[in-house]
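Below: the structure, in structure tokens.
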Amino acid sequence: MEGSMTEENKKNLEFIEEVTSNVDEVQKRVLHEILTRNANVEYLQRLNLNGHTDRETFKKVVPIITYEDIQSDINRIANGDRSPILCSQPISEFFTSSGTSGGERKLIPTTEEENRRRHQLYGLMMSVVSQFFPDLGNGKGMYFMFIKSEAKTPGGLLARPILTSVYKSSLFKNSNSRVSPYTSPIEAILCLDSYQSMYSQMLCGLFQNREVVRVGSIFAYAFIRAMRFLEDHWSLLCNDIRTGTINNKITDPSVREAVMKILKPDSELADFIEAECSKDSWEGIVTRLWPNTTYVDVVVTGAMSQYIPMLDYYCNSLPLVSTAYASSECFFGINLNPLCKPSEVSYTLIPIVAYFEFLPIHRSNEVIDSISIPTPFNEKDEQQLVDLVDVKIGQEYELVVTTYSGLYRYRVGDVLRVAGYKNNAPQFNFIRRENVILSIDSDKTNEIELQNAVKNAENNLMPFDASVIDYTSYVDTATIPGHYVLFWELNVNASSPIPPSVLEECCLTIEESLNSVYRQGRTSDKSIGPLEIRIVETGTFDKLMDYCCTSLLGASINQYKTPRCVKFAPHVELLNSRVVSSYFSPVCPKWVPGSKQWNNTN
């Protein structure tokens, strides 16, 4: 078995060498393949591509698009139209993106072939990691994996997050069917009840603690939630290990049965865990409880970088490995140097997966914390797009992708910076999601959405002759789950004070106005805490402007605009020092699985 794995790793690494050495040829071939097999789809026929597969005609005829440009086509597929609208192969399901359109999750079409391609790329990724950690096959991974609820479109196609699709797939189940590479039984992963799923996965991870050689979760935030869960529940977990039973709160019969196949009474292990968890400090708890752990497998780029200090605290500065760069639209690339520092992570885009183009981003001197709103596309922008081999070191680009499953010159919304090369394949740092200002878990809230939410909430103040003079926001991750905080400076009428219940209602109105991914995180997943409004003293935002316009930060008063999100520590400290009162959302906002428009028609 080990010999065959080594052979497979060798083949995978040779394959990476080959495709990164012939990037332009591979990209030309990929575009030709995509356009040949989809030549008769309605979308390309509408554009009069007329079967052309060369790059020049493609770039001349096919426009750059966003999700909104193809939403009507996607809605037709969702409603049951099986004709080849975007893709010649049947759409097997929709991935619900964490990005939203009109407050609802985007529906990204996928095919069976695309899912197999992702699985192949996962194999490439593990071969890369195995170079640095050759003994992975001798132990297990304690990964915290969770599914989310899924819905069916009116036409009967499943719509669900990509990870839910992966964990429910036969490819994933088959890879776990003989000897599972993970400590979590599949039944615990597929349990929709987040408490039962987390408890069972943690219990199995603790019981198999000596077998664990790697730990992780897809995103850093989920792993930190797991450690906080352990802090709150270790005594119950120890009791289960000591007695070889499972707590009565775990009521799912399939989960109980799966856990009981793993669990046996072990008072010595229970005493050891109890002794470690009873200590004053939880620093290094991961290496203390799982002593053979070699690395932590979590995404720590982009918004997840805010959790690096907490990960280092719990994990005793084990290597934090961000293995891959992927989204609902496409699996993009692999980190070929997994032992690099989190701040230096770069991903090599694998040229066989899709056809990549890049729009250069020209940034003016920006004030710290300022957010740029993307401008609509024009013909000049289209002419500026460059191919994968033509990007320049140090330049930032927005990624544009053409996939096998029916997206053509689609703006992904990710901003990347060229960091270096693997052979002649560029490597990219992930910089940010365009225009996302608040993110805790998979939620992504942009400036316009927040502005509209504040406007809606401000209506609650009108009966009291009050209004919001200015506002900003930040993500507070000092507590788990993290939560959104808004700083409000109010114009109030002294003779008409605002009752606390009205400001709590403002919190809820904002939450009700945010997108469905946020509301699901609050309501179903419990991964986001209640939104908070902190009222600040009059003149606070003038002070913030004064601070930003000091010579140190170099912002001109003429150019200054209030940042709608603050991340720079001195800004947060200044605002917090002037808080006079704070209010939390009293209940969870409304959320139901599926799209609002489907729920209205059913």
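Fair warning: this is a prediction, and the values are worked out from it, not measured in the lab.
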Contacts of S501 that satisfy side-chain hydrogen bond (donor to acceptor under 3.5 Å, both in side chains) - sequence neighbours left out: none
Lys NZ or Arg CZ of R117 over Y404 ring: under 6.0 Å, within 45°: yes
Donor-acceptor contact present, side-chain E150 to main-chain T164, <3.5 Å: no
Evaluation steps, side-chain hydrogen bond (donor to acceptor under 3.5 Å, both in side chains), between E114 and T403: CA-CA 9 Å; E114 189 65 24; T403 69; 5.8 Å; no
Intermediate values then yes/no, side-chain hydrogen bond (donor to acceptor under 3.5 Å, both in side chains), N460 and T509: CA-CA 9 Å; N460 297 321; T509 302; 3.0 Å; yes
K148 NZ to S524 OG distance, which is reported to the nearest 0.5 Å: 8.0 Å
Donor-acceptor under 3.5 Å (N38 side chain, S88 main chain): yes
Aromatic centroids of F430 and Y325 separated by under 6.0 Å: yes
Side-chain donor or acceptor of R409 paired with backbone N/O of V400 under 3.5 Å: no
Heavy-atom donor-acceptor pair, D69 side chain to T66 backbone, under 3.5 Å: yes
T183 side-chain N/O to Y143 backbone N/O, donor-acceptor pair under 3.5 Å: no
Donor-acceptor contact below 3.5 Å, side chain S439 vs main chain K444: no
Residues E231, Y314; criterion side-chain hydrogen bond (donor to acceptor under 3.5 Å, both in side chains); working and verdict: CA-CA 11 Å; E231 283 190 55; Y314 283 128; 2.6 Å; yes
Donor-acceptor under 3.5 Å (S217 side chain, F144 main chain): yes
Parallel, tilted or perpendicular: ring planes of F229 versus Y199, cut at 30 and 60 degrees: perpendicular
Whether Q201 side chain and M145 backbone form a donor-acceptor pair below 3.5 Å: yes
Value rounded to 0.5 Å, distance of CD1 in I533 from CD1 in I510: 4.0 Å
Side-chain donor/acceptor of S169 to backbone N/O of V166, under 3.5 Å: yes
Centroid-centroid under 6.0 Å between Y167 and F146 rings: no
D476 and R534: CA distance, side-chain angles, deciding distance, salt bridge (charged side-chain N to carboxylate O under 4.0 Å, His left out) verdict: CA-CA 12 Å; D476 187 344; R534 296 179 188 170; 3.3 Å; yes
Any donor-acceptor N/O pair, D81 side chain to R76 backbone, under 3.5 Å: no
Test applied, ring pair (Phe, Tyr, Trp, His ring centres under 6.0 Å); reference residue, Y484; option that passes from Y518, Y474, F584: Y518
